[in-house]
Structures are given as structure tokens and as C-alpha cells.
Participant: 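The structure's right below; bear with me while I get my questions together.
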Amino acid sequence: LKVAEADDDVTVILIEGAGSAFCAGYDMNSYAGGDDWPERPDGWNHSELFESWTGQFPRSCLRDWLTIWDLLKPVVAKVHGYALAGGSELMSMCDIVFAAEDCVIGYPPTRAQSTPDIEYFPWKMSMAQAKYLQLTGQSVTGKRAEEMGWIAKSFPADELDEQVMRELRPMARLHPAMLAANKLSLNQSYEAMGFRSALQSVVPWYVIARSFRPGAGEFQTKAAREGLKAALQWRDG
């Protein structure tokens, strides 16, 4: 992202998934190994003073996803297949999202693992829909996500590539500095409404939900004993 930002020949940045999905979420296979802290992004503080209670994982995620928010150039997501959990975070932090009508978008981990790493729900949709999706862990199609205002537009899956390029071609002809001014002026309004501080303030709830609430750790224990697929079936069953 930062290399593209520094390249004057780049106007718009497109993120798309390689393979059958945009992104099915963070890699959880290490849960099956029973590690207490299986995922450690770059910059994670390993100190015993901080690791167990300061939410190193969501803090690292938020720091990295805010790269998209702070970038001087618009970042567009093209979603197909699945955009789940961490994948929905990546999608939701992009400036514009286009998706296949039949893709699946949601945050199932809120059923049994933790609150979201990135609390984007209140900023991307109405209160009614935000509470419905986060409390139930349900997912929606790309078409429904468009109707909710979560994403900009959805298209039939077999037209997704063509339609996204039709959207991007005229946008890519605009002056990059003009796009930057528009993006930053929009972001500043959300900053004034508390966007960044709100995302930072929910990190403690992740820690409480994942590690200290009654029933915390059940998913991880089940994954270690019975395998990740069994834990997912338990969570979603």
C-alpha cells in the first residue's frame, strides 16, 4: 500500500482475493495446536507485562488496517466468495467496496470467541443492522450488504470483474491529488465524530471477551482437543 502511495503512476489501489474467496478470515489452524497466543503479527509486544491483558492482537490489527484509512490514495476492495471475520475487517476498512451478489460477508466469531478485533459495525451501517449482525454472528450476501449500505455496489458474480473495471476506469482518470483531498476531507469528518478513538476504545472488550469472561477459551480448548473443524461446527451449531 505504501509503495503504491509513493508511485505517482498509481491513482487507485484495488485489493482482490486470489482463489475461491476474497478472505475467509485470520488463519486459525494454530488454534488446533493449543497455543495460548497463536497469532502474533509484526509489532506484537511479547512482554509478560503486556501480552496477557492489553489486547496485542487487536491493537496490531487496528494499527495495520488504519494504514488503509490514512493512505493518501483511495483503496477499493473487490469481494467474491467469502469476506469473513478478519476478511470483513480488511473489506470494511477500504474506501469503496464492490462485491459479487452471491458472496458471503459476516463475523461469525462473535458467537463464541470474542468481540470484533475492529469494531467497524456502527460505522458501516445502521444501529439496527449493526446490532443484529454482531449479536447473532450472522452473515449476509453481497446483494444484501449493498442494500444495507455496508458496501457501495454488488454485481452478478459472472460480471464482477467487468463491472468493477467499468467503475474504476473513470475514477483512475481523476487527478490523484484531487482524490486525496476528497478522501482526507471525508475521513476528517469521521475523525471528528470519534472514528479512530472509538475503534481504539473497544480493544479492552476484546480482551475481556476472549480471555476473562465466563466461558472464555472454550473455542480454543475444543479446537486443541478435537480439531479446528469440530470447534467451528460447535461455534456455528
Side-chain angles (χ1 to χ4, degrees), residues 1-6 13 15 17 22-73 75 77 83-95 106-124 134 137 187-188 190-225 227-228 231-232 235:
L1 287 168
K2 291 179 178 178
V3 169
E5 181 184 46
I13 298 165
I15 295 178
F22 174 75
C23 178
Y26 296 117
D27 182 4
M28 294 194 297
N29 285 310
S30 54
Y31 276 110
D35 297 334
D36 288 337
W37 300 97
E39 297 158 315
R40 286 178 162 145
D42 291 339
W44 183 300
N45 192 320
H46 295 262
S47 167
E48 292 183 8
L49 294 176
F50 301 115
E51 185 167 52
S52 67
W53 66 278
T54 55
Q56 290 298 310
F57 184 68
R59 288 181 75 247
S60 301
C61 295
L62 179 58
R63 176 203 62 205
D64 291 344
W65 295 148
L66 284 173
T67 303
I68 297 173
W69 178 262
D70 292 328
L71 213 72
L72 290 169
K73 292 178 178 177
V75 180
L84 297 174
S88 73
E89 295 171 12
L90 169 57
M91 180 201 84
S92 297
M93 291 298 283
C94 289
D95 299 302
Y107 214 108
T110 61
R111 292 173 176 157
Q113 292 167 256
S114 70
T115 55
D117 309 301
I118 310 300
E119 186 62 85
Y120 61 73
F121 284 105
W123 298 93
K124 304 300 290 191
Q134 185 167 331
N187 283 7
Q188 190 165 7
Y190 287 105
E191 295 272 11
M193 289 187 274
F195 175 79
R196 191 181 300 259
S197 61
L199 295 184
Q200 293 168 336
S201 71
V202 299
V203 168
W205 282 109
Y206 170 93
V207 179
I208 291 170
R210 188 185 188 280
S211 302
F212 298 113
R213 67 174 169 84
E218 286 183 83
F219 178 90
Q220 189 167 332
T221 299
K222 187 170 286 289
R225 290 177 178 173
L228 181 59
L232 291 170
R235 182 195 73 186

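All of these numbers come straight from a predicted model, not from anything done at the bench.
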Participant: If the condition is side chain to side chain donor-acceptor pair (under 3.5 Å), which residues does K73 pass it with, not counting sequence neighbours?
Facilitator: none
Participant: For residues A209 and T115, report the shortest heavy-atom separation together with the two atoms involved.
Facilitator: CB-N, 3.7 Å
Participant: Hey, could you give me the CG/CG distance between D95 and N187, rounded to the nearest 0.5 Å?
Facilitator: 6.5 Å
Participant: Working to the nearest 0.5 angstrom, can you tell me the gap between R196 CZ and L66 CG?
Facilitator: 5.0 Å
Participant: Short question: side chain of S88, backbone of Y107 - any donor-acceptor pair under 3.5 Å?
Facilitator: no
Participant: Using 0.5 Å steps for rounding, measure from the CZ atom of R235 to the NZ atom of K222.
Facilitator: 13.5 Å
Participant: Determine whether a donor-acceptor pair (N or O, by modelled atom type, separation under 3.5 Å) exists between the side chain of W53 and the backbone of L49.
Facilitator: yes
Participant: Which atoms form the tightest heavy-atom contact between S92 and K124, and what is the distance?
Facilitator: O-NZ, 3.2 Å
Participant: Roughly how far apart are F121 CZ and T110 OG1, rounded to 0.5 Å?
Facilitator: 6.5 Å
Participant: Please work out which of the three classes, parallel, tilted or perpendicular, describes the rings of W69 and F195, given edges at 30° and 60°.
Facilitator: parallel
Participant: Just how far is it from atom CE of M93 to atom OG1 of T67, taken to the nearest 0.5 Å?
Facilitator: 9.0 Å
Participant: Do you know which two heavy atoms are closest between F22 and G87, and how far apart they sit?
Facilitator: CE2-O, 3.6 Å
Participant: How are the rings of W44 and F57 set relative to one another: parallel (under 30°), tilted (30 to 60°) or perpendicular (over 60°)?
Facilitator: tilted
Participant: Where do P108 and L84 come nearest, in terms of heavy atoms and distance?
Facilitator: CD-CD2, 4.3 Å
Participant: Looking at every heavy atom in both A112 and R213, which two are closest together, and how far apart are they?
Facilitator: O-NH2, 2.8 Å
Participant: Enumerate the residue pairs fulfilling salt bridge (charged side-chain N to carboxylate O under 4.0 Å, His left out) with a member in residues 84-94, sequence neighbours excluded, ordered by first and then second residue.
Facilitator: none
Participant: Within a reach of under 6.0 Å around CD of E191, are more than 12 heavy atoms found that belong to other residues, nucleotides or ligands?
Facilitator: yes
Participant: Not counting sequence neighbours, which residues clear side chain to side chain donor-acceptor pair (under 3.5 Å) with R59? List them please.
Facilitator: none
Participant: Closer than 4.0 angstrom, basic N to acidic O: yes or no for R210 and D117?
Facilitator: no
Participant: Is there a side chain to side chain contact (heavy atoms under 4.5 Å, CB included) between I13 and I68? Walk through the geometry before answering.
Facilitator: CA-CA 10 Å; I13 298 165; I68 297 173; over 6 Å; no
Participant: Do the side chain of Q56 and the main chain of N45 share a donor and acceptor less than 3.5 angstrom apart?
Facilitator: yes
Participant: Please identify each residue that fulfils salt bridge (Lys or Arg N to Asp or Glu O under 4.0 Å) with R111, with sequence neighbours left out.
Facilitator: D236
Participant: For V203 and P58, work out which heavy atoms get closest and say how close.
Facilitator: CG1-CG, 4.0 Å
Participant: For the CG atom of L71 and the CD atom of E5, what is their distance to the nearest 0.5 Å?
Facilitator: 4.0 Å
Participant: By ring pair (Phe, Tyr, Trp, His ring centres under 6.0 Å), which residues pair with Y120, not counting sequence neighbours?
Facilitator: W150
Participant: Mind checking what makes salt bridge (Lys or Arg N to Asp or Glu O under 4.0 Å) contact with E218, not counting sequence neighbours?
Facilitator: none
